[in-house]
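Structure record follows, encoded as structure tokens.
Note that the numbering runs from 1 along the sequence shown for the chain.
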Amino acid sequence: MNHTKQKIVFIDIDGTLVDDNGHVPESAANACRQARANGHLLFLCTGRSKAEIYDSIWDIGFDGLIGAGGGYVEIGDEVLYHKKVQPEAVRHMVDFFDRHNIAFYLESNSALYASAGLKPQLEQLIYGDIQNDPEARKRMEQKPHPFIAGLTYGEADLYKDDVNKVCFLDSALPFEQIREEFDGKFEVIQCTVPLFGPNSGELMIPGIHKAIAIADLLDHLQLSREQTIAIGDGMNDAEMLEYCAVGIAMADARPGLLEIADDITDTLEQEGLYKSFAKYGLIES
């Protein structure tokens, strides 16, 4: 393929490629396969850590991963870098959330480590009242959510040394109070998974976001920013959409993202990813 016509596409996962049930629409999977067959490079660019990129996603075929919101970069089998939370900061987080009875999980590349109260709260959010509602129990048994299955439970020591970031679930403490607690130490952002509730969030290492990782990756591959296309739906996609030559938001993206996007495509359910790939000539529609 003519090098100048080759595009590098950065694709968010949740709400862009994968729906709330962890499912990739067939149209999106096909669009990704066709685009790569046409000589374009496709990178997952996500808040998820590597342990959350399930085989059902990898099997579609991608050239690499920007994970943990930009803290981890992998091209093929090569790790470009991996930025980790300092051990004393991990202790601070674990102790604070435990003290306030807030369910959380630590994201590392090897596993996602769940706090003691996380599983029941997740089950309630995803399936409903599994103790008393037979329909909810049936949902859990018939369609177990890949996210719940992918967590590691019962780990006695959560002072891990390979933490990328931390997510906490809807908390009784106001979001602002959590932000103040970690001011100057962490970037505290609202969670990009709506299911987790309005007071849920993520603690990121400061100075990490998707655009910095994209710039480093382009530099490493000696490719130009003019070749880039980004597609996403959450506010952790904002820098990426602003940085890339073309920034596309899903129709149901956060309002702040819709404002800065160069283009808006349909929702995931309406084959938004497929339509945007066709519109920008990555595939033949």
Do [X] and [Y] touch side chain to side chain, with heavy atoms closer than 4.5 Å?
X: Leu112; Y: Leu106; result: no
X: Phe43; Y: Ile11; result: no
X: Lys7; Y: Thr228; result: no
X: Pro25; Y: Asp19; result: no
X: Asp233; Y: Arg254; result: no
X: Phe175; Y: Val188; result: yes
X: Ile13; Y: Ile53; result: yes
X: Ile231; Y: Met250; result: yes

Which heavy atom of [X] sits nearest a heavy atom of [Y], and at what distance?
X: Thr265; Y: Gly272; answer: OG1-O, 2.8 Å
X: Ile283; Y: Ala35; answer: CG2-N, 3.5 Å
X: Ile60; Y: Ala29; answer: CG2-O, 3.7 Å
X: Ala136; Y: Gly128; answer: CB-C, 3.9 Å
X: Leu241; Y: Ala261; answer: CD2-CB, 4.0 Å
X: Gln190; Y: Pro198; answer: NE2-O, 3.0 Å

Do [X] and [Y] pair up side chain to side chain, a donor and an acceptor below 3.5 Å, judged on atom types alone?
X: Asp266; Y: Tyr274; result: no
X: Asp170; Y: Ser200; result: no
X: Glu187; Y: His209; result: no

With clusters defined by side-chain heavy atoms of hydrophobic residues (ILVMFWY) lying less than 4.5 Å apart, directly or transitively, does [Y] cluster with [X]?
X: Ile8; Y: Leu221; answer: yes
X: Tyr280; Y: Leu218; answer: no
X: Leu217; Y: Val9; answer: no

Sidechain N-carboxylate O distance under 4.0 Å for [X], [Y]:
X: Lys84; Y: Asp161; result: no
X: Glu176; Y: Arg179; result: yes
X: Arg139; Y: Glu135; result: no
X: Glu239; Y: Lys210; result: no

- Message: I need the full list of ring pair (Phe, Tyr, Trp, His ring centres under 6.0 Å) pairs touching residues 137-157, with sequence neighbours left out, sorted by first then second residue.
- Response: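 Residue pairs passing ring pair (Phe, Tyr, Trp, His ring centres under 6.0 Å), neighbours aside: Tyr105-Phe147, Phe147-Phe196.
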Would you compute the distance between atom [atom1] of [X] and atom [atom2] of [Y] and round it to the nearest 0.5 angstrom?
X: Asp12; Y: Ile66; atom1: CG; atom2: CD1; result: 11.5 Å
X: Leu41; Y: Ile229; atom1: CG; atom2: CD1; result: 11.5 Å
X: Leu273; Y: Ser27; atom1: CG; atom2: OG; result: 7.5 Å
X: Ile205; Y: Gln86; atom1: CD1; atom2: CD; result: 8.0 Å
X: Asp237; Y: Met240; atom1: CG; atom2: CE; result: 4.0 Å
X: Asp157; Y: Tyr113; atom1: CG; atom2: OH; result: 10.0 Å

[X] side chain to [Y] backbone, donor-acceptor under 3.5 Å:
X: Asn38; Y: Leu282; value: yes
X: Ser115; Y: Phe104; value: yes
X: Glu284; Y: Ala278; value: no
X: Arg225; Y: Ala245; value: no
X: Asp262; Y: Gly247; value: yes
X: Gln270; Y: Thr267; value: yes
X: Arg137; Y: Ile130; value: yes

- Query: Can you list the steps and then say if Leu169 with Ile102 is a side-chain contact (heavy atoms from CB on, under 4.5 Å)?
  - Reply: CA-CA 7 Å; Leu169 257 58; Ile102 296 169; 5.9 Å; no
- Parallel, tilted or perpendicular for Phe182 and Phe96, by the 30°/60° rule?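 Ring orientation of Phe182 relative to Phe96: perpendicular.
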- Within a radius of less than 6.0 Å around CG of Asp263, do more than 12 heavy atoms belonging to other residues, nucleotides or ligands occur?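 For Asp263, atom CG is crowded (more than 12 foreign heavy atoms under 6.0 Å).
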- Message: Tell me whether Lys185 at atom NZ has more than 12 heavy atoms from other residues, nucleotides or ligands lying less than 6.0 Å away.
- Response: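 For Lys185, atom NZ is not crowded (no more than 12 foreign heavy atoms under 6.0 Å).
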- Message: Determine whether Phe186 and Val85 satisfy the following criterion, side-chain contact (heavy atoms from CB on, under 4.5 Å), listing intermediate values before the conclusion.
- Response: CA-CA 9 Å; Phe186 285 98; Val85 179; 3.6 Å; yes
- Item | Residue pairs, two or more places apart or on separate chains, that pass side-chain hydrogen bond (donor to acceptor under 3.5 Å, both in side chains) and touch residues 48-65 |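 Only Asp14-Arg48, Arg36-Asp63, Ser49-Glu107, Ser49-Asn164, Lys50-Glu74 qualify under side-chain hydrogen bond (donor to acceptor under 3.5 Å, both in side chains).
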- Message: Test: side-chain hydrogen bond (donor to acceptor under 3.5 Å, both in side chains). Region: residues 123-133. Which pairs qualify, not counting sequence neighbours?
- Response: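 Sorted pair list: Asp129-Asn132.
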- Message: side-chain contact (heavy atoms from CB on, under 4.5 Å), that's the test. Do Lys160 and Ser108 meet it? Break it down for me.
- Response: CA-CA 8 Å; Lys160 301 294 178 192; Ser108 83; 5.8 Å; no
- Message: Using ring centroids (six-membered ring only for Trp), state whether His40 and Phe277 fall under 6.0 Å.
- Response: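 Between His40 and Phe277, which both carry aromatic rings, the centre distance is not below 6.0 Å.
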- Query: What do the steps show when you test Ser171 against Asn199 for side chain to side chain donor-acceptor pair (under 3.5 Å), and what is the final call?
  - Reply: CA-CA 6 Å; Ser171 85; Asn199 266 340; 4.9 Å; no
- Message: Would Phe168 and Val166 count as a side-chain contact (heavy atoms from CB on, under 4.5 Å) here? Give the steps.
- Response: CA-CA 7 Å; Phe168 60 90; Val166 176; 5.5 Å; no
